[in-house]
Engineer: 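Structure provided below as structure tokens; questions to follow.
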Amino acid sequence: MSAAHAEQPYGEPQPQAEKTLLDHADELMQRNPGFRVEIIGGQILMSPPADGPHAEALTDLMLPFLAAGLHGDEARVLQAIGLWLPDGPEDYAIPDLSLVDADYREHAAKFNCYDPVAFRLVLEVTSSNYKTDLRTKVAAYADAKVPVYVIVDRKHNRLHVLTDPELDEYAVHSVHAPGELVTLPESIGAKVTLDVEAVFAAARRKPESK
């Protein structure tokens with residue numbers, strides 16, 4: 001009998017490996033179809049399925065990027081692509097919309113996510129968990145050195161543009177209201193101007209009936 005068999009007799013229960021946060025995140029995704037599961041700051045975050053106006057706003061927001069030629073040989077405009085975060089061994093986020101280098105597939109990381117070096121811009125349209133987009137993800141994306149972070153804040157009808165990441169914050173943070181035209185930094189690869197009123201016209205929820 002070998003030493004291995006002497007130490008672990010036939011039929012004896014084998015110790016189970018402790019589940020990681022990624023294991024728990026995967027289980028939550030399996031049990032909650034349509035929910036978005038992320039790990040930020042070592043904590044699992046779950047977001048409910050997006051409503052129609054949220055999805056409509058994302059489609060409209062893609063159009064100026066496409067018109068500027070940012071979905072081609074040099075860059076790609078993608079929805080819900082995983083971004084591997086450097087602030088934890090298992091941290092990752094799934095932005096609503098991302099502008100990435102066209103060779104992003106060469107920067108695959110873990111858990112179907114990609115290294116932040118491939119990201120030029122990330123964009124979030126807020127839902128019921130708007131504080132996550134306005135606070136938690138600001139620190140996460142800045143720490144990942146994502147150059148530009150855009151937030152469509154449906155709670156307060158404001159569009160935020162954050163640039164110049166430093167440590168866990170952005171050095172430049174501009175806030176815009178409906179009626180303004182906002183030109184994003186040309187560092188993303190082309191001139192893209194957003195009509196804030198048009199963005200919120202698409203993103204605005206129908207008032208709840210009383």
Engineer: According to ring pair (Phe, Tyr, Trp, His ring centres under 6.0 Å), who are the partners of His71, at least two apart in sequence or on a separate chain?
Structural biologist: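 If we apply the ring pair (Phe, Tyr, Trp, His ring centres under 6.0 Å) test to His71, skipping adjacent residues, there are no hits.
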Engineer: For Glu124, run the side-chain hydrogen bond (donor to acceptor under 3.5 Å, both in side chains) check against Tyr149, Tyr141, Tyr130 and tell me which one passes.
Structural biologist: Tyr141
Engineer: Evaluate the criterion side-chain contact (heavy atoms from CB on, under 4.5 Å) for residue pair Asp101 and Arg120; output intermediate values, then yes/no.
Structural biologist: CA-CA 7 Å; Asp101 295 337; Arg120 302 183 184 187; 2.7 Å; yes
Engineer: Tell me, do Val37 and Asp26 make a side-chain contact under 4.5 Å, heavy atoms counted?
Structural biologist: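 They are not in contact (no side-chain heavy atoms under 4.5 Å apart), so the answer is no.
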Engineer: Heavy-atom count around Glu197 CD within 6.0 Å, excluding the residue itself: above 12?
Structural biologist: yes
Engineer: Any side-chain heavy atom of Tyr114 sitting closer than 4.5 Å to one from Val100?
Structural biologist: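 No - every pair of side-chain heavy atoms lies 4.5 Å or more apart.
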Engineer: Could you check if a side-chain atom of Tyr104 sits within less than 4.5 angstrom of a side-chain atom of Phe119, using non-hydrogen atoms only?
Structural biologist: no
Engineer: Is Asp51 salt-bridged to Arg154, cutoff N-O under 4.0 Å?
Structural biologist: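 A salt bridge links Asp51 with Arg154.
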Engineer: Ignoring hydrogens, what is the shortest heavy-atom contact between Phe35 and Met46? Give both atom names and the distance.
Structural biologist: CD2-CE, 3.5 Å
Engineer: Checking Arg36 now: which residues fulfil salt bridge (charged side-chain N to carboxylate O under 4.0 Å, His left out) with it, not counting sequence neighbours?
Structural biologist: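 Expected list: Asp96.
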Engineer: Are Ser47 and Asn129 linked by a side-chain donor-acceptor pair shorter than 3.5 Å?
Structural biologist: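 Yes, because at least one side-chain N or O of Ser47 sits under 3.5 Å from a partner of the opposite role on Asn129.
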Engineer: Would you mind reporting whether Leu85 and Leu83 have side-chain heavy atoms less than 4.5 Å apart?
Structural biologist: yes
Engineer: Would you say CG of Asn112 has more than 12 non-hydrogen atoms from neighbouring residues, nucleotides or ligands within 6.0 angstrom?
Structural biologist: no
Engineer: Shortest non-hydrogen contact from Ala144 to Pro116?
Structural biologist: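 Scanning both residues, the minimum pair turns out to be O-CB, 3.5 Å.
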Engineer: Side-chain contact test, heavy atoms from C-beta onward, threshold under 4.5 Å: evaluate it for Leu97 versus Val125 and give yes or no.
Structural biologist: no
